[in-house]
Amino acid sequence: MRLEILMTAVIFFGGSCLTGYALRRLLHFKQEGFLFSIVAGVMCWWALMELVLVPMTMAMASFSGFVAVYTALVLACAAAGCFCWKEILADAKQAAGSVRSCVTPGHVAALGLILWQLYFIHHHMYLEWDDAYYVNLANEAVRSDLIYWVYPETGAITDFDKRYVLSLWPIFYAWLSKLTGVMPTIMAHTVFPWLMIPLAGMVYELIGRRLFPKDRQLQGMFLAMAVLLHLFMSGEHIAGITFLTLTPWVGKGVLAAILIPMLFYWILRTAEAEGRGLWIMLGITCLGGCLLSSMGIMLTPVFVGVTVCLQNIRKRSLRYLLSGAAACFPCVVLGIYYICLTH
């Protein structure tokens, strides 16, 4: 299983990093580093899956057909990143030259806590009752070659559940299962934590760099505190802050622990500078949130809308307000479609 974890991590982080570099060149982001490229690439992957998955589900396309189309698109994005070798080498050189100055006691403590998270979930796994539905949805996609036309709790051929059809997050780890040959249940419970927990750490590190741009010690302390909160500050198993430690394969947990903090990061960036690339990345992240959970279709535009409106009180800029509204537009379209499906 160690080999499968390593192979999946290489596919996930390596491919998303190359995709992130392609995005950086396209959107003119310079000197952002490896972490930014990985996180931006992941947001692009999730948004791209939402764009491909919804129409293919409605058209009753096969799961193998979806895998072929989505894999080809992901490979094209990663291949485009290979042409950014100058930026990759520059970031590698900069990272190698600043290792000692970048590592602080806070970062060491955060790394230790993240390793403890991974150890905890590996040896004390909590099996959420929703797994009977969501993880089985991934199993049925692989087994029956149908995306969402087999009811996962009974195995009967049926119409899809309209509440979830726009946010088929389990298909993401079903796709990884198809690529690696690992069963979806094992992918979710054993392999996936090694992807989502480090990814969350990367997001909090990026936020810390924005909140404390001139103090590396405070950045490390912020990262350690963020990881510590996920470990010890939860009161019940269904709280958003708990999901990352107990069930990091659950879509609404990824939404709470990774995607909404990433939205906060983009809001911080747009508050400093209103570049077109930042607004596009905010829109991509909003669309990616729609894949994770039906709540993401509502929560992402609410979060972005409220924060943009509050920030606009200071800026008093109609352009800033309209740019924020445009970033939420994919969620609004999916929200209207959701209402049409369920009513």
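Keep in mind the model is a prediction, meaning the values are calculated, not measured.
Note that the CG atom of L53 and the SG atom of C290 stand 12.5 Å from one another [nearest 0.5 Å]. Taken from CG in L176 to CD1 in I171, the straight-line distance is 11.5 Å, to the nearest 0.5 Å. The distance from the CG atom of L223 to the CG atom of L228 is 11.0 Å, given to the nearest 0.5 Å. With values rounded to the nearest 0.5 angstrom, E50 atom CD is found 6.5 Å from I297 atom CD1. Note: L287 CG to L282 CG = 11.5 Å, rounded to the nearest 0.5 Å. A distance of 9.0 Å separates CD1 in I197 from CD1 in I258, rounded to the nearest 0.5 Å.
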Practice item. Would you please test R269 and Y265 for side-chain hydrogen bond (donor to acceptor under 3.5 Å, both in side chains) and show each step? Key: CA-CA 6 Å; R269 294 285 301 264; Y265 172 78; 2.7 Å; yes
Point to revise | Audit row: Y338, V165, side-chain contact (heavy atoms from CB on, under 4.5 Å) steps and yes/no | key: CA-CA 9 Å; Y338 179 86; V165 70; over 6 Å; no
Practice item. Report the C-alpha distance between L146 and E140 in whole Å, list the side-chain angles of each, state the deciding distance to 0.1 Å, and finish with yes or no for side-chain contact (heavy atoms from CB on, under 4.5 Å). Key: CA-CA 7 Å; L146 297 172; E140 285 297 337; over 6 Å; no
Exercise for review: For R216 and E205, run salt bridge (Lys or Arg N to Asp or Glu O under 4.0 Å): C-alpha distance rounded to whole Å, both residues' side-chain angles, the deciding distance at 0.1 Å, then the answer.
Suggested key: CA-CA 11 Å; R216 190 62 182 161; E205 169 65 13; 2.8 Å; yes
Point to revise | Intermediate values then yes/no, side-chain contact (heavy atoms from CB on, under 4.5 Å), R209 and L35 | key: CA-CA 11 Å; R209 292 179 183 180; L35 294 187; 3.7 Å; yes
**Study point:** side-chain contact (heavy atoms from CB on, under 4.5 Å) assessment of C82 paired with L18
**Key:** CA-CA 6 Å; C82 293; L18 289 174; 3.9 Å; yes
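Electrostatic pairing of E87 and R24 does not count as a salt bridge here, judged by no charged N lying under 4.0 Å from a carboxylate O. Ion pairing between E272 and R314 fails under the 4.0 Å rule for side-chain N and carboxylate O.
V333 and M298 sit in two unconnected hydrophobic clusters of ILVMFWY residues. Membership requires side-chain heavy atoms under 4.5 Å apart, directly or through other members. A single hydrophobic cluster is not seen to contain both I88 and F36; linkage of ILVMFWY side chains at heavy-atom distances under 4.5 Å, directly or through other members, places them apart. Taking hydrophobic clusters as Ile, Leu, Val, Met, Phe, Trp and Tyr residues chained together by side-chain heavy-atom distances below 4.5 Å, L310 shares a cluster with W279. Under a hydrophobic-cluster definition in which Ile, Leu, Val, Met, Phe, Trp and Tyr are linked whenever side-chain heavy atoms come within less than 4.5 Å, directly or via other members, W266 and V306 are assigned to the same cluster. Connection of I114 to W116 is established within a shared hydrophobic cluster, with ILVMFWY side chains joined at heavy-atom distances below 4.5 Å, either directly or through further cluster members.
The shortest distance between side-chain heavy atoms of V42 and M262 does not fall below 4.5 Å. With contacts defined as side-chain heavy-atom distances shorter than 4.5 Å, the pair F264/T307 does not qualify. Annotation: side chain of Y337 is in contact with side chain of M58 (closest heavy-atom distance under 4.5 Å). Taking the side chain as every heavy atom from C-beta outward, F34 and Y21 approach each other to under 4.5 Å. Looking at heavy atoms from C-beta onward, V135 lies in side-chain contact with H189 at the 4.5 angstrom threshold. Here the side chains of F29 and M281 are in contact, with some heavy-atom distance below 4.5 Å. Taking the side chain as every heavy atom from C-beta outward, M43 and L259 approach each other to under 4.5 Å. Looking at heavy atoms from C-beta onward, Q311 lies out of side-chain contact with I267 at the 4.5 angstrom threshold.
Atom CE of M202 has more than 12 heavy atoms from other residues, nucleotides or ligands within 6.0 Å.
Not a single donor-acceptor pair under 3.5 Å links the side chain of Q217 to the backbone N or O of T104. Between the side chain of N312 and the main chain of S317, a donor-acceptor pair closer than 3.5 Å is present. The backbone N or O of V142 sits nowhere less than 3.5 Å from a side-chain atom of K178 that would complete a donor-acceptor pair. A donor-acceptor contact shorter than 3.5 Å is absent between the side chain of T71 and the backbone of A68. S177 contributes a side-chain N or O that, together with a main-chain N or O of V182, makes up a donor-acceptor pair within less than 3.5 Å.
Pairing each heavy atom of V203 with each of P261, the nearest pair is CG1-CB, 3.9 Å. Closest heavy-atom contact between L118 and P193: CD2-O, 3.5 Å. Closest non-hydrogen pair, H230 versus A257, comes out as CE1-CB, 3.8 Å. Shortest non-hydrogen contact noted between S16 and W45 is N-CZ2, 3.4 Å. A pairwise comparison of heavy atoms in M60 and W149 identifies CG-CZ2, 3.2 Å as the closest pair. Here the closest heavy-atom approach between residue A224 and residue G106 is recorded as CB-O, 3.6 Å.
Under the 30°/60° scheme for interplanar angles, the aromatic rings of Y70 and W175 are found to stand perpendicular.
With F192 as reference, W169 is the one residue of W249, Y134, W169, F12 to meet the ring pair (Phe, Tyr, Trp, His ring centres under 6.0 Å) rule. Applying side chain to side chain contact (heavy atoms under 4.5 Å, CB included) to L168 and the options L292, I147, V54 leaves one that passes, I147.
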